[in-house]
Every structure is written in C-alpha cells, then in structure tokens.
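Worksheet: one structure, shown below.
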Protein chains: 2
Amino acid sequence: MAVPSPAPATPAASPLFLREHEVRRGVELLFFGYTRLTRSIDEVLAEHGLGRAHHRALYFIARQPDLTISELLKILAITKQSLGRVLNDLSARNLVETRSGSADRRQKLLRLTEEGKAFEAQLFEALRTSLATAYAAAGQESVTGFWRVLEGLIPVEDRAMVAALQKDV
Amino acid sequence: MAVPSPAPATPAASPLFLREHEVRRGVELLFFGYTRLTRSIDEVLAEHGLGRAHHRALYFIARQPDLTISELLKILAITKQSLGRVLNDLSARNLVETRSGSADRRQKLLRLTEEGKAFEAQLFEALRTSLATAYAAAGQESVTGFWRVLEGLIPVEDRAMVAALQKDV
DNA sequence: AAGATACGTCAATATGGCTGTCCCATCTCC
DNA sequence: GGAGATGGGACAGCCATATTGACGTATCTT
C-alpha cells in the first residue's frame with residue numbers, strides 16, 4: 001500500500017474558499033441591484049393602492065396564464081393565507097379573474113383581465129427599461145454570466161420550477 | 001450631398017428593445033436568486049430572535065467599521081426610526097457598540113463587538129457557501145458578467161456609495 | 001448667539017408575512 | 001358508494017419591518 005503523498009504546500013484554491021472580497025461584492029451588488037429594481041415600480045403600484053406582493057402575483061400570473069393557486073404558492077413560497085389576501089385585492093380591482101379547471105374542477109385557474117394585462121405591461125415596461133439598460137451597458141456575454149450565477153443560487157430542488165417558467169417562450 | 005440610405009429592412013435590435021423573454025428571465029432569476037440567498041440565513045437569525053433587517057445592519061457595520069448612523073441610513077435607504085429599532089435590538093444583544101466621533105462628537109461610530117463579529121462571520125459563511133458554489137458552477141467569466149449587469153441596475157447616483165464599500169479591500 | 005446638523009424617541013399606521021383552525025367541494029381509490 | 005385525500009377559502013390573531021409626523025438634545029458652524 002502506497003504511502004499517501006503529503007498535502008501540497010500551496011493547494012490550488014478551492015472554489016469554496018474564494019476570497020472574501022469576491023463574495024462580499026456579490027452579496028452587495030445583489031442587494032442593491034435587487035432592491036433598486038424593486039423600488040423602481042413602487043410608485044406606479046402605489047397609485048393603484050397596491051404593493052410589491054401584488055406585483056409578484058400579477059407578474060407570475062401574466063407569465064403563466066391558467067396557473068393554479070397551488071402552483072403560484074410554490075413559486076412565491078408564501079402561505080395560502082398571505083396569497084389569499086393578495087389575490088382578493090387583485091380580484092377586487094378587476095385585475096385578475098379565475099375559472100375552475102376543466103380536468104379538475106377543484107382547481108382555480110388564474111388569469112389577468114384585459115385591465116390586468118395592461119397594468120402588468122405598464123409595470124413590466126419599467127422593469128424592461130432598467131434591465132435592458134443594464135444589459136446593454138454590460139454586453140451580451142455578461143448577461144449570460146449574470147444568468148448562470150443566479151441559476152446557481154437557486155436550490156437544486158427549485159430549478160425545475162424556474163425552468164418551467166421559460167418553457168413556452 | 002448624398003441621398004440618405006433607406007432604413008434597413010431588419011434594423012439591428014436596439015438594446016432597449018431586447019426581447020421580452022430575456023428581460024423576464026432576468027427578473028425571475030433575480031427574484032429567485034435573491035430571495036433564496038436571503039432565506040438561507042433566516043434560521044440562524046431566528047435562533048437569536050433576529051430578522052433580515054438586523055442582518056443587513058450587521059453586515060454593513062462589519063463591512064465598514066466606524067460607519068456613522070447617517071452613512072448607514074443612506075446605504076440601507078430606510079428611515080431613522082426603522083434603523084433605530086434595529087440598532088437598539090443589536091445593542092441589547094451586545095452585538096454592536098457605538099462610540100462618539102472624535103472629529104465630530106455628534107456622530108456615533110458603529111462597530112461590532114467581538115460577539116457581533118463572530119455572529120456576522122457565521123452568517124457570512126452561509127452566504128459564502130451559496131455564492132461560492134454558484135460562482136464555481138458558473139465560472140469566472142460569468143462572475144464578471146454577473147457583477148457588471150448588477151452594477152448597471154444601480155442608479156447612477158448610488159454607485160459611488162456602493163463603490164465606496166469596496167475601497168479598502 | 002443663531003441656526004444647522006446628527007442622533008434619539010414617542011406615537012400611530014401600513015404592508016406583508018406567519019400560525020392555527022375550520023370549512024366546503026371535488027377527486028381518487030377501494 | 002363511501003372514505004379519505006386534495007384544492008381552495010376564510011376567520012382570528014400575531015409579528016417583523018417599514019412608513020409619516022412631531023419633538024428633543026447635543027454639538028458644530030458661522
């Protein structure tokens with residue numbers, strides 16, 4: 001049996017021991033980038049008496065028409081009660097409508113009304129402007145890297161759900 | 001004088017009119033990436049009866065020892081009252097201590113106690129693990145792109161502040 | 001001495017989460 | 001056909017985190 005070779009004096013840096021600086025930079029940019037993007041639509045939302053939670057629901061319903069309640073719950077990862085309030089507000093403002101499922105009539109299929117589509121599109125335009133400007137300044141290769149890193153931040157068990165959002169585009 | 005050439009039938013796509021798909025992908029990855037990273041430390045925080053707001057303050061104080069209250073307020077972009085509660089909680093748990101400024105004694109300079117440093121380091125380790133794994137999976141060029149895009153999302157007037165965090169690293 | 005600035009604090013309110021509990025309609029499976 | 005599982009709704013109360021507004025005190029600047 002061979003004698004194990006001694007550990008190298010200067011082992012190759014493991015990716016798990018990246019310099020602290022690089023990690024902190026990511027944490028900070030993610031914090032500022034996310035919060036600033038989010039805040040950019042607060043005013044428009046407030047004009048309708050809505051908040052960020054409403055936008056998130058609106059966004060994912062726009063993204064996947066005929067989404068069910070339980071699918072939306074998985075995406076948002078909040079409780080049924082929290083989502084209930086949000087959906088009630090959106091229905092009361094005639095932005096979202098529901099129909100019962102054809103295969104399973106217990107399900108409720110969520111859709112935006114015409115009004116809801118217009119409102120979501122207005123909010124999306126603000127997001128598009130911010131993101132498109134950032135994409136353009138960074139260049140296409142950077143955008144790919146941006147996506148790759150963010151994908152890596154999503155726990156493996158959630159990736160299928162995220163990927164499913166892209167499927168019919 | 002030359003006759004102007006007609007507009008091309010298929011103009012190059014302007015960065016401001018990126019395909020909706022690419023923008024939505026960014027919005028979604030940012031949402032999932034940010035929220036998942038954030039949630040990854042909730043349990044540890046909860047063990048100490050603290051929340052995310054406390055972590056944010058702790059993080060930036062760790063990052064810039066002797067930060068003043070008003071500097072921290074600018075970074076977090078919350079009100080004095082909101083921050084006050086958070087800092088009181090952190091002081092009560094002996095994680096943060098303050099001294100008055102030497103040049104200007106009205107200022108309070110914020111620092112972590114030894115206990116605070118240890119706690120912040122523990123939280124940072126969790127963030128490091130997540131981010132380092134994502135960085136490693138994506139590759140170094142991707143990390144650069146990730147940073148570039150996020151920088152572009154920060155409003156111009158805030159960039160100096162973000163850059164200042166990196167200055168002494 | 002007057003005014004501006006840095007920080008603290010009291011009070012009330014909004015938003016968006018949470019737990020726990022109970023309910024109804026419908027589907028599935030024996 | 002009946003039992004149990006599942007999809008969704010609702011009531012009640014609570015917590016964390018943010019807000020606005022007003023006021024107070026110490027200190028710096030001029």
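Nothing here was measured: the structure is a model prediction, and the numbers come from that model. Reminder, nothing fancy here: chain letters follow the sequence lines and each chain counts from 1.
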#### Entry: First of N88(A) and A53(B) reached from the 5' end of DNA chain D, by closest nucleotide
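Whichever sits nearer the 5' end wins; that is N88(A).
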Proximal nucleotide (of [options]) relative to the [X] side chain:
{"X": "D104(B)", "options": "dA12(D), dA6(C), dG9(D)", "value": "dA6(C)"}
{"X": "R105(B)", "options": "dT19(C), dA18(D), dT27(D)", "value": "dT27(D)"}
{"X": "Q81(B)", "options": "dT17(D), dG16(C), dA22(D)", "value": "dA22(D)"}

### Query
Looking only at N and O atoms, is any donor in the side chain of R106(A) or the base of dT6(D) less than 3.5 Å from an acceptor on the other one?
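By the distance-only test, yes, there is a pair.
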### Task
Kindly say whether, by distance alone, the side chain of K80(B) makes a donor-acceptor pair under 3.5 Å with the base of dG8(C)?
yes
### Task
Measure from CZ on R52(B) to P on dA16(D) and round the result to the nearest Å.
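So the CZ-P distance, R52(B) to dA16(D), works out to 13 Å.
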#### Entry: Atom-pair distance (CD1 on I69(B); C1' on dT9(C)), nearest Å
13 Å
### Check ion pair D66(A)-R99(A) (N to O, under 4.0 angstrom)
yes
### Summary
The side-chain hydrogen bond (donor to acceptor under 3.5 Å, both in side chains) partner of R24(A) among E22(A), H21(A), E20(A) is E20(A)
### Message
Is any side-chain heavy atom of T98(A) closer than 4.5 Å to one of R111(A)?
### Response
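They are not in contact (no side-chain heavy atoms under 4.5 Å apart), so the answer is no.
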#### Entry: Min side-chain heavy-atom separation E141(A)-T144(B) under 4.5 Å
no
### Task
Would you mind classifying the nucleic acid contact of S82(B) as base, sugar-phosphate or nothing, using non-hydrogen atoms under 4.0 angstrom?
base
### Query
How would you label the contact of G84(B) with the nucleic acid (heavy atoms, under 4.0 Å): base, sugar-phosphate, or nothing?
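Nothing: the residue G84(B), judged by heavy atoms under 4.0 Å, touches no strand.
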### Task
Map G101(A) and I78(A) onto DNA chain C by nearest heavy atom, then report which one ends up closer to the 5' terminus.
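Nearer the 5' end of the strand: I78(A).
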### Message
Go nucleotide by nucleotide along DNA chain C from the 5' end; which of T68(B) and H54(A) gets its closest nucleotide reached first?
### Response
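The residue whose closest nucleotide sits nearer the 5' end is T68(B).
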